[in-house]
Amino acid sequence: MREKLQGRGLYVITDGPRPDLVPVVAQALAGGARLLQYRDKTRDHERRLTEARAIRALCAARQVPMIVNDDVALAQAAGAAGVHLGEEDGDVAAARAVLGQDAIIGVSCYDSLDRARHLAAEGADYIAFGAFFPSPTKPHARRASFELLRQSAALGIPRVAIGGITPDNGGSLIDAGADYLAVISAVFGDPDVRGAAMRFAQLFTSP
């Protein structure tokens with residue numbers, strides 16, 4: 001694996017505007033999240049920048065990289081560790097040109113091993129597959145197979161699984177080769193955010 005993302009663990013993704021966003025992010029980090037993505041699809045640029053900077057500071061205190069969803073300019077302005085790119089969010093090289101060689105650039109590969117091979121060759125730092133299970137965040141998302149995780153091991157970069165993941169089904173994805181479990185609602189939709197994060201984190205330490 002490339003040095004930028006060492007280890008494995010829970011990858012939490014924020015769930016858009018909410019008044020208690022910064023405190024609940026602090027709880028997710030306290031529960032053991034090892035990677036965090038700031039995801040907010042609104043156009044409130046001032047609020048998004050303020051939130052992203054506040055969350056980056058929380059992440060820095062725990063040595064957890066903060067990634068920004070889709071928005072290279074926001075990632076640069078907030079001092080984020082990197083950016084996550086979907087199918088229509090530009091290419092790896094363009095993001096790297098803005099954010100620098102040390103940036104973590106992750107990519108969504110959905111259900112496609114060919115896309116994963118192509119983007120790994122372009123220099124992506126991690127590849128994300130999913131949805132593996134029905135997702136409340138994206139109910140119509142393409143579905144990925146466990147075999148995809150196994151086959152993508154040869155690419156030699158961290159693999160992220162996303163989509164409908166819970167503490168009950170997450171272990172099966174780790175067994176199939178997922179280095180990170182990306183979770184939105186199962187952490188940030190839980191009344192006990194820290195406890196939910198801990199349950200996921202424990203999946204990576206269980207024998």
Side-chain angles (χ1 to χ4, degrees), residues 9-62 64-90 95 99 103-110 126 128-144 160-167 170 180-201:
L10 171 63
Y11 182 176
V12 290
I13 301 176
T14 67
D15 54 349
R18 56 185 289 177
D20 61 345
L21 180 62
V22 174
V24 295
V25 164
Q27 290 300 304
L29 293 170
R34 299 304 307 142
L35 194 58
L36 182 139
Q37 183 183 133
Y38 176 73
R39 179 179 184 271
D40 185 320
K41 298 290 191 178
T42 70
R43 296 183 179 276
D44 188 340
H45 300 296
E46 185 175 346
R47 177 183 53 75
R48 291 168 71 233
L49 179 57
T50 299
E51 287 180 349
R53 284 175 170 166
I55 291 169
R56 180 190 59 79
L58 289 175
C59 288
R62 291 188 176 269
V64 171
M66 185 191 85
I67 311 297
V68 170
N69 178 266
D70 294 353
D71 192 330
V72 174
L74 178 60
Q76 182 184 41
V83 69
H84 182 90
L85 302 174
E87 216 164 19
E88 300 173 359
D89 300 323
L99 299 177
I104 297 169
I105 299 178
V107 291
S108 293
C109 297
Y110 310 100
Y126 71 78
F129 296 110
F132 285 93
F133 305 101
S135 167
T137 304
K138 293 187 176 182
H140 304 296
R142 283 172 270 179
R143 294 292 291 273
V160 174
I162 191 169
I165 301 173
T166 69
Y180 291 88
L181 298 181
V183 178
I184 302 176
S185 57
V187 170
F188 290 115
D190 194 294
D192 179 7
V193 171
R194 180 176 180 176
M198 288 177 67
R199 287 190 288 277
F200 279 103

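Values below: every heavy atom of this structure, side chains too, minus hydrogens, waters and symmetry copies.
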To the nearest 0.5 Å, what is the distance between OG1 (Thr166) and CG (Asp190)?
-> 11.5 Å

Test side-chain contact (heavy atoms from CB on, under 4.5 Å) on Ser108 and Glu87 and set out the steps.
-> CA-CA 7 Å; Ser108 293; Glu87 216 164 19; over 6 Å; no

For Val64 and Leu36, the nearest pair of non-hydrogen atoms, with its separation, is CG1-N, 4.1 Å

Considering non-hydrogen atoms only, spot the tightest contact between His84 and Ala128 and give its length.
-> CE1-CB, 4.0 Å

From Ile67 CD1 over to Leu85 CG, what is the distance, rounded to the nearest 0.5 angstrom?
-> 10.5 Å

Output yes when a side-chain donor or acceptor of Arg39 lies under 3.5 Å from a complementary backbone atom of Asp15, and no otherwise.
-> no

Inspect the surroundings of CD in Glu46 and state if more than 12 heavy atoms from other residues, nucleotides or ligands are less than 6.0 Å away.
-> no

Evaluate the side-chain contact (heavy atoms from CB on, under 4.5 Å) criterion for residues Thr14 and Glu51: first the C-alpha distance (whole Å), next the side-chain angles of each, then the deciding distance (0.1 Å), finally the verdict.
-> CA-CA 11 Å; Thr14 67; Glu51 287 180 349; over 6 Å; no

Expected output: side-chain Arg199 to main-chain Pro167 donor-acceptor under 3.5 Å | no

For Tyr11, the ring-ring contact (aromatic ring centres under 6.0 Å, His included) test, sequence neighbours excluded, returns Tyr126

Going through the distances and angles, do Leu29 and Gln27 end up as a side-chain contact (heavy atoms from CB on, under 4.5 Å)?
-> CA-CA 5 Å; Leu29 293 170; Gln27 290 300 304; over 6 Å; no

Please answer whether the main-chain N or O of Leu74 pairs with a side-chain N or O of Arg48 as donor and acceptor at a distance below 3.5 Å.
-> no

Give the minimum heavy-atom separation between Ala28 and Ala197, together with the two atoms involved.
-> O-CB, 3.6 Å

Which heavy-atom pair separates Phe132 from Ala144 by the least distance, and what is that distance?
-> CD2-O, 3.6 Å

Full working for side-chain contact (heavy atoms from CB on, under 4.5 Å) between Phe188 and Val25 = CA-CA 8 Å; Phe188 290 115; Val25 164; 4.2 Å; yes

For Ile165 against Gly170, the heavy-atom pair lying closest together | CG2-CA, 3.9 Å

May I ask you to test the Asp70-Glu88 pair for a side-chain heavy-atom distance under 4.5 Å?
-> no

Please confirm whether the backbone N or O of Val24 pairs with a side-chain atom of Arg18, one donor and one acceptor, at under 3.5 Å?
-> no

Spatial distance of atom OH (Tyr110) from atom CD1 (Ile162) [nearest 0.5 Å] = 10.0 Å

d(Thr50 OG1, Leu21 CG) to nearest 0.5 Å is 12.0 Å

Please check if the side chain of Arg53 supplies one atom and the backbone of Ala77 the other of a donor-acceptor pair under 3.5 Å.
-> yes

What is the minimum heavy-atom distance between Gly164 and Ser135, and which atoms define it?
-> N-CB, 3.8 Å

